[in-house]
Chemist: 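One structure follows; several queries about it will come next.
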Amino acid sequence: MELDDFKNTAKTQQPPETTGEKPNSPVMDTLIEELKALDAKESRKIRLFIIIFGMFVAIYSSTFALQKGDMKTGFSLIVLGFILVLGYMYWRYHRIKHVDYTLPTKVFLADAEHRYRHMNPADWLISIPLLSLFITGGSIVVHTTFTRYFGNSILPLVIYLIIMVMAVVAGFYAGYKDWKNDKGWMLEKIRSIRKEFDA
Amino acid sequence: MNREQLFREAIRENSQRIFRICCYFFSEIENRNDAYQETLIRLWENLHTFKGQSQLSTWIYRVTLNTCLSCIRSEKKRNGLIEPCGTSSHDVADSSGDENAWNEEQKMVFLQQFLMNLSAADRTLVSLYLEDVSTREMAEITGISESNVRVRIYRIKERIKNEWEEKQHGT
């Protein structure tokens with residue numbers, strides 16, 4: 001028995017409830033309605049995201065506008081940080097949601113491997129300036145606020161920096177653990193499939 | 001042709017082909033149906049990228065195979081039974097009187113068992129081969145070189161021949 005002898009056998013397989021035999025069948029109409037509903041749901045998600053984004057920017061911008069001197073500089077850096085965080089989150093969401101399934105399989109797998117990594121160069125590139133903005137902005141706000149109680153002592157600033165560093169390390173660790181449980185095994189599987197294609 | 005018309009046309013001409021590819025990738029009915037539904041969604045979402053530069057079938061094969069490979073990543077093991085597509089164990093029992101039909105069922109079960117033991121890459125190539133896709137088009141769809149496709153297909157042909165003979169001698 002040759003592989004070619006299985007061709008006819010394989011072609012006897014039928015979809016359980018065919019969707020496409022008649023392009024204007026009720027089943028097809030229902031399917032298209034469901035797909036349009038998915039599109040609408042996606043648009044709603046994006047609209048909601050833009051609203052939340054707008055609210056954050058409005059709240060922080062107004063707080064920033066009320067400040068003076070060094071406080072204003074500190075808050076401006078924090079506002080800029082929040083704007084970047086939201087822009088970055090939107091970019092990540094877009095990248096995951098809009099996967100190009102029409103790529104040649106090998107390219108698609110390489111792309112998937114890149115997508116499922118814990119941190120890509122682009123993630124590092126955005127994370128470092130982001131943290132710098134929050135730490136610098138926060139340090140200015142903390143220092144300015146506590147000067148009236150502690151004079152020129154750097155103790156509040158040191159405590160703030162320790163808390164920030166601990167929060168960043170804990171956040172990174174939690175993110176890594178979450179990724180390992182959720183996506184780490186998928187990355188391993190993608191890598192093994194890629195190896196099979198490259199063999 | 002608008003998106004909806006193009007989708008209707010694409011499904012009308014290719015729904016069975018899409019489903020068969022899902023069958024080549026998944027032994028369990030629920031996984032196949034999930035992959036089939038997922039492929040229809042991906043086709044709808046990616047339809048705007050079809051510019052007519054390649055054949056519609058080539059484009060559909062890419063979306064279907066990439067979706068199946070994505071589903072393999074998160075495949076759930078259910079009852080472990082291998083059932084031929086479009087039939088059920090009940091149908092198999094009913095067809096036992098009809099020797100031809102029974103032989104076809106057995107061939108299908110053997111083919112699916114064989115496919116499940118192949119690597120994802122080889123399963124992809126066999127899926128396209130069984131659909132009469134040319135070597136050049138297989139290379140275009142998968143990104144594997146034409147010569148590598150030919151070598152792999154040759155090895156798979158040898159393997160299926162040997163395994164079928166072993167099965168026949170074993171029974």
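Owing to the predicted nature of the structure, the values given are computational and were not obtained by experimental measurement.
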Chemist: Are side-chain heavy atoms of B:I144 and A:K106 found at a separation under 4.5 Å?
Modeler: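 In contact.
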
Chemist: Working to the nearest 0.5 Å, report the span between CD of A:E2 and CH2 of B:W164.
Modeler: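 Answer rounded to 0.5 Å: 12.0 Å.
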
Chemist: Can you tell me how far apart CG (B:L69) and CZ (A:R194) are? Round to the nearest 0.5 Å.
Modeler: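 Answer rounded to 0.5 Å: 12.5 Å.
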
Chemist: If you tally heavy-atom pairs under 4.5 Å against chain A, which of B:K161, B:K107, B:E163, B:E131 wins?
Modeler: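 So the answer, after comparing B:K161, B:K107, B:E163, B:E131, is B:K107.
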
Chemist: Between B:R152 and chain A, which part of the residue has a heavy atom less than 4.5 Å away: side chain, backbone, both or neither?
Modeler: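 When you check distances to chain A, only side chain atoms of B:R152 fall under 4.5 Å.
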
Chemist: Only pairs of heavy atoms separated by less than 4.5 Å count here; which of B:T64, B:D132, B:T124 has the most with chain A?
Modeler: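 So the answer, after comparing B:T64, B:D132, B:T124, is B:D132.
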
Chemist: Given heavy-atom pairs under 4.5 angstrom as the criterion, report whether the side chain, backbone, both or neither of B:F114 touches chain A.
Modeler: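 Nothing of B:F114, per the 4.5 Å heavy-atom cut-off to chain A.
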
Chemist: Measure B:Q5 against the heavy atoms of chain A and call it side chain, backbone, both or neither at under 4.5 Å.
Modeler: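 Interface part for B:Q5: neither.
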
Chemist: Looking at CE of A:M186 and OG of B:S70, how far apart are the two atoms once the value is rounded to the nearest 0.5 Å?
Modeler: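 One gets 9.0 Å once the value is rounded to the nearest 0.5 Å.
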
Chemist: Out of curiosity, A:F6 CZ to B:L130 CG, how far, rounded to the nearest 0.5 Å?
Modeler: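 So the gap between those two atoms works out to 9.0 Å.
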
Chemist: I'd like to verify something: which residue of B:I41, B:L125, B:I60 has the highest number of heavy-atom pairs under 4.5 Å with chain A?
Modeler: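 If we count pairs closer than 4.5 Å to chain A, B:I41 comes out on top.
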
Chemist: Specify the closest pair of heavy atoms between A:P104 and B:E140, including all atoms of both residues, with the distance to one decimal.
Modeler: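 Between these two residues, the closest heavy atoms are CB-O, 4.0 Å.
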
Chemist: What about B:V151 and A:L3, same hydrophobic cluster or not, with Ile/Leu/Val/Met/Phe/Trp/Tyr joined at side-chain heavy-atom distances under 4.5 Å?
Modeler: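 No, it is not one cluster - the side chains of B:V151 and A:L3 are not joined through contacts under 4.5 Å.
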
Chemist: Count the heavy atoms of every other residue, nucleotide or ligand shown that sit under 6.0 Å from NZ of A:K68, and state whether that count exceeds 12.
Modeler: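 Atom NZ in A:K68 is not packed in, count stays at 12 or less.
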
Chemist: State the OG1-CD distance between A:T9 and B:Q106, to the nearest 0.5 angstrom.
Modeler: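 If I round to the nearest 0.5 Å, the distance is 11.5 Å.
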
Chemist: Determine the option with the most heavy-atom pairs under 4.5 angstrom with chain A, choosing from B:L65, B:T67, B:T49.
Modeler: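 Looking at each option in turn, the highest pair count goes to B:T67.
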
Chemist: Output the distance between atom CG (B:N46) and atom OH (A:Y101), rounded to the nearest 0.5 Å.
Modeler: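 Taking CG in B:N46 and OH in A:Y101, the distance rounds to 8.0 Å.
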
Chemist: Among the options B:I153, B:V126, B:V63, pick out the one with the most heavy-atom pairs lying under 4.5 Å from chain A.
Modeler: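 Looking at each of B:I153, B:V126, B:V63 in turn, B:V63 comes out on top.
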
Chemist: May I ask you to name which of A:D5, A:L103, A:V107 has the most heavy-atom pairs under 4.5 Å with chain B?
Modeler: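 When all of A:D5, A:L103, A:V107 are compared, A:L103 has the most.
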
Chemist: Under a 4.5 Å cutoff for heavy-atom pairs, which residue among A:D198, A:D4, A:V99, A:N8 has the most contacts with chain B?
Modeler: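 Most heavy-atom pairs under 4.5 Å with chain B: A:D4.
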
Chemist: What part of B:R3 gets within 4.5 angstrom of chain A, counting heavy atoms only: side chain, backbone, both, or neither?
Modeler: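 When you check distances to chain A, only side chain atoms of B:R3 fall under 4.5 Å.
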
Chemist: What residue in B:R159, B:E4, B:K157 has the most heavy-atom pairs under 4.5 Å with chain A?
Modeler: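 Heavy-atom pair counts peak at B:E4.
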
Chemist: Is atom CZ of B:R155 surrounded by more than 12 heavy atoms (other residues, nucleotides or ligands) closer than 6.0 Å?
Modeler: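 Not buried by this count: 12 neighbours or fewer within 6.0 Å.
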
Chemist: Atom NZ of residue position A:K177 - does it have more than 12 heavy atoms of other residues, nucleotides or ligands inside 6.0 Å?
Modeler: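 Not more than 12 within 6.0 Å, no.
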
Chemist: Closest heavy-atom contact between B:A120 and A:I193?
Modeler: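 Answer, listing the atom of B:A120 first, then A:I193: CB-CG2, 3.9 Å.
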
Chemist: Decide if atom CZ of A:F172 counts as having more than 12 heavy atoms of other residues, nucleotides or ligands within a radius under 6.0 Å.
Modeler: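 Counting neighbours around CZ of A:F172, more than 12 heavy atoms of other residues, nucleotides or ligands fall under 6.0 Å, so yes.
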
Chemist: Distance-only, no hydrogens or angles: does the A:K189 side chain make a donor-acceptor pair with backbone N or O of B:I72 under 3.5 Å?
Modeler: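 Yes, the answer is positive, given that a donor and an acceptor are paired below the 3.5 Å cut-off.
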
Chemist: Heavy-atom cut-off 4.5 Å, strictly under: side chain, backbone, both or neither for B:N14 against chain A?
Modeler: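 Neither part.
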
